[in-house]
Every structure is written in C-alpha cells, then in structure tokens.
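Everything numeric here is computed off the predicted structure, so don't read it as measured data.
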Amino acid sequence: MFSKKLVAFFSFIAIGGLFISPVKSHYDRTSFGEGTAAFACFLLWEGYPKYKVESLISRFAKRIEKSTFTEEEMNQMAYGYRDQIRVTRNCNLRMRY
C-alpha cells in the first residue's frame, strides 16, 4: 500500500513538472507525447484503474491545449502519444474529454 502511494506521489510530481516549461525547450514534440504515453502505461501496469489513468491524461491534454503551444506542436505531441500507445503491449489507453 505504501509503495502504491509512493508511486502516485512521484507520478504527480513528474506530471506536475511537465506542466511547466521544460517541454517548450525540447525540439522534437513527438518524443514528449511518447514519454507521456509510456508514463501512463506504467501507471496502468502498476495497478491504477484504467479510467483514472485516462482521466489524468485527458486533464493533461486540456492543460496543453490552454498553453502557448501551436497547433502543429500539439499535433506532434498527440501523434507521439498515439504511436507509443499503439506499439506498447498491454496498454490500450484513450484520452477522454
């Protein structure tokens, strides 16, 4: 139980850090989407309910939409996310709105 809470704690720190600006300095936006998908799959494999992980990703996507990213950059992130989900085994996640 403690380890699950510890994973959740670090997960929220990592995702919270992604909301700030280090992403904006990265050139290839597809790798950002791939990393987000890999992290979401990790949470799923650690036992978090699928609907909670999908809800978290959807909230993250909404925050990105409200940011200063261009539509092309957001499309690159979404492409990276979808591509990583497609190639990762046992990770069938969708974004919910």
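Between C91 and L44, the shortest heavy-atom distance links the atoms CA-CD2, 4.2 Å. Taking each heavy atom of V53 and Y48 in turn, the nearest pair found is CG2-CB, 3.8 Å. Taking both residues in full, the closest heavy atoms of M74 and E65 are given as SD-CA, 3.7 Å, listed atom of the first, atom of the second, then distance. Shown here for Q84 and E34, the closest heavy-atom pair between the two residues is CG-O, 3.5 Å. Taking all atoms of both residues into account, the shortest heavy-atom contact from Y81 to I57 is OH-CG2, 3.6 Å. Contact between C41 and I85 at its shortest, heavy atoms only, is SG-CD1, 3.7 Å.
With hydrogens and angles ignored, the 3.5 Å screen pairs no side-chain donor or acceptor of S55 with any backbone N or O of K52.
A distance of 6.0 Å separates CZ in F32 from CZ in F69, rounded to the nearest 0.5 Å. Atoms CG and CG, on L93 and L43 in that order, are 9.0 Å from each other to the nearest 0.5 Å. Distance check: Q76 CD to E71 CD gives 11.5 Å after rounding to the nearest 0.5 Å. Note that OG1 of T88 and CZ of F42 are 14.0 Å apart. Values are rounded to the nearest 0.5 Å.
By the salt bridge (charged side-chain N to carboxylate O under 4.0 Å, His left out) test, R86 pairs with D83, sequence neighbours left out. For N75, there are no side-chain hydrogen bond (donor to acceptor under 3.5 Å, both in side chains) partners two or more places apart in sequence or in a different chain. In this structure N92 satisfies the side-chain contact (heavy atoms from CB on, under 4.5 Å) test together with K50, R94, sequence neighbours excluded.
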